[in-house]
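For clarity, every value in this text was computed on a predicted model and none was experimentally measured. Chain identifiers are assigned alphabetically (A, B, ...) following the order of the sequence lines, protein sequences preceding nucleic acid strands; residue numbering begins at 1 within each chain. Hydrogens, waters and symmetry mates are skipped; everything else that's a heavy atom, side chains included, is used.
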Protein chains: 2
Amino acid sequence: MTEPSPRLTRAQQRRQTEGKILAAARQMFAELGFERTTIRAVAKAAGVDGGLVMHYFGTKDELFARAAEPSTGELTGAAPGEMAEALLTSLATRLDGEPVASLALLRSMLTNPDAATRYRAAAEPQLGQIAAGIPADDARLRAGLLSAIVHGVIIERYLLRFGSLTDASPEEIIELLRPCFQLLAAEQTRAEQHESAVNPP
Amino acid sequence: MTEPSPRLTRAQQRRQTEGKILAAARQMFAELGFERTTIRAVAKAAGVDGGLVMHYFGTKDELFARAAEPSTGELTGAAPGEMAEALLTSLATRLDGEPVASLALLRSMLTNPDAATRYRAAAEPQLGQIAAGIPADDARLRAGLLSAIVHGVIIERYLLRFGSLTDASPEEIIELLRPCFQLLAAEQTRAEQHESAVNPP
DNA sequence: ACGCTCATTCTACGGCCGTTGACCGAGCCT
DNA sequence: AGGCTCGGTCAACGGCCGTAGAATGAGCGT
């Protein structure tokens with residue numbers, strides 16, 4: 001009664017087990033952050049022994065690096081006038097069904113220096129792309145603010161679970177944010193912005 | 001050659017030592033977060049023994065609670081039209097010379113459940129105050145967004161140290177944010193907002 | 001002046017963690 | 001078929017951490 005051909009070849013088995021470990025690690029990193037997730041706990045959640053995790057990934061940092069690989073967001077080449085809308089759709093995508101991987105990185109970046117470096121490395125080029133799409137002399141600052149708003153919203157919605165943001169639908173949030181994004185991504189002097197905001201037509 | 005009266009009475013000494021411990025704890029909680037700061041390290045930074053910290057504060061969580069006591073922000077009773085400006089001056093105050101205590105709570109709230117609870121408890125009434133100053137039916141959501149923006153900016157400036165936000169002066173940031181805050185805190189239907197943003201005069 | 005109080009230190013315990021290396025057994029190549 | 005490979009387990013080590021408790025010595029009330 002021996003199987004003539006095993007259900008899974010060894011390489012398949014390896015990839016599947018690695019996948020289970022990575023999935024469990026992502027989940028725990030996202031929920032607990034780097035310091036509070038244990039290799040033993042990840043292993044148990046994945047149904048394997050702790051030593052195997054070390055055998056595959058060598059070190060906890062390496063496991064985190066593999067589990068929190070940034071999902072490359074696509075903002076390439078938005079026309080100057082469309083940067084605000086591109087950012088909004090990107091945010092809308094992340095607002096329903098935020099991928100766990102992104103949360104793992106976000107949750108850990110404030111306490112784990114390596115996660116912070118990794119996050120900066122992932123965010124820096126995106127920041128440049130955003131800035132490139134903003135026709136203003138302080139484009140980089142505006143891009144930084146837009147990035148701060150996006151991350152602030154995601155953090156309060158998914159990590160802190162503030163009621164007012166958790167209950168709202170993505171559309172509501174996007175609608176309220178749209179004019180802000182358009183102001184920040186638009187070509188306007190500060191005086192003009194202030195003028196049109198203080199004395200709305 | 002004995003001192004007839006000691007430079008510090010025992011009660012004074014106690015308060016001073018406690019202060020040094022709390023200051024060191026604040027600093028380390030702000031820089032490293034809850035899990036990475038050790039009682040021993042805090043004690044060494046304060047120039048005392050680790051056991052003393054326990055003797056005074058009983059537990060690490062209690063030490064954190066005392067070190068991260070929220071500095072009560074004042075937003076009480078702003079007129080509906082002035083809520084945006086009140087939030088901006090509050091943000092401006094925090095933007096130059098952010099007190100370390102606030103950073104300790106911010107850094108730890110994403111990984112320490114107790115810190116998260118404490119933060120929510122501190123933020124909830126403020127959120128209510130903000131919402132009360134916004135004459136719109138979705139006031140709470142708007143308040144949540146405003147709060148998210150404030151915290152996003154502070155996190156990226158002080159905790160993540162993004163260049164574009166770290167280098168900017170508080171005034172620059174405030175000026176860019178002012179129209180956003182006025183839009184979010186203003187009485188406008190979503191349609192009107194969208195209209196005036198899509199077709200600027 | 002005597003004894004109590006209390007700030008402060010020292011030592012140690014138990015536990016959990018990351019990491020290691022020996023070990024087992026089932027695929028895989030020749 | 002036999003030996004090598006490699007996925008997977010097990011037990012253990014060393015370290016650091018939070019915490020407890022005994023010991024010391026200097027103010028302070030009476």
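- Atom pair A/Asp114:CG and C/dG18:C1' shows a separation of 16 Å (rounding to whole Å applied).
- Here D/dT19 presents its P atom at 13 Å from CZ of B/Phe57, a figure rounded to the nearest Å.
- The distance from atom NZ of A/Lys20 to atom C1' of D/dG8 is 12 Å, rounded to the nearest whole Å.
- Residue A/Arg14 is classed as a sugar-phosphate contact, given heavy-atom separations below 4.0 Å to backbone atoms only.
- Annotation: B/His151 is in aromatic contact with B/Tyr119 [ring centroid separation under 6.0 Å].
- If you measure from atom CE of A/Met54 to atom P of D/dG14, you get 17 Å, rounded to the nearest angstrom.
- Following rounding to the nearest Å, B/His55 (NE2) and C/dT5 (P) show an atom-to-atom distance of 13 Å.
- At the phosphate of C/dT19, OP1 or OP2 sits under 4.0 Å from a side-chain N or O atom of A/Thr59.
- Nucleotide D/dG8 holds its C1' atom 18 Å from the CZ atom of A/Arg15, rounded to whole Å.
- The shortest distance between the side-chain N/O atoms of A/Thr17 and the OP1/OP2 oxygens of D/dG8 is below 4.0 Å.
- Regarding A/Leu52, its CG atom lies at a distance of 14 Å from the C1' atom of C/dC24, rounded to whole Å.
- Figure legend: cation-pi geometry between A/Arg36 and A/Phe29 absent, as NZ or CZ is not positioned both under 6.0 Å from the six-membered ring centre and within 45° of its axis.
- Contacts of residues 35-48 of chain A with DNA chain C (heavy atom under 4.0 Å): A/Thr37, A/Thr38, A/Ile39, A/Arg40.
- The phosphate of C/dC6 (OP1 or OP2) has no side-chain N or O of B/Gln13 nearer than 4.0 angstrom.
- Looking at which nucleotide of DNA chain C each of B/Arg10 and B/Gly50 is closest to, the 5′-most match is held by B/Arg10.
- Side-chain proximity of A/Asp49 to C/dT19, C/dT8, D/dC10: nearest is D/dC10.
- With values rounded to the nearest 0.5 angstrom, B/Leu146 atom CG is found 9.0 Å from B/Leu88 atom CG.
- Judged by distance alone, the side chains of B/Ser147 and A/Glu156 do bring a donor and an acceptor atom under 3.5 Å apart.
- Inter-residue side-chain proximity for A/Leu91 and A/Ile154 is flagged as met; some heavy-atom pair is nearer than 4.5 Å.
- In terms of phosphate contacts, B/Thr9 brings no side-chain nitrogen or oxygen within less than 4.0 Å of OP1 or OP2 of D/dG27.
- Neither OP1 nor OP2 of C/dC6 sits under 4.0 Å from any side-chain N or O of B/Tyr56.
- A donor atom on one side chain and an acceptor atom on the other are found under 3.5 Å apart for A/Glu31 and A/Gln27.
- Of the candidates A/Ile149, A/Val153, A/Val150, B/Ile149 forms a side-chain contact (heavy atoms from CB on, under 4.5 Å) with just one, namely A/Ile149.
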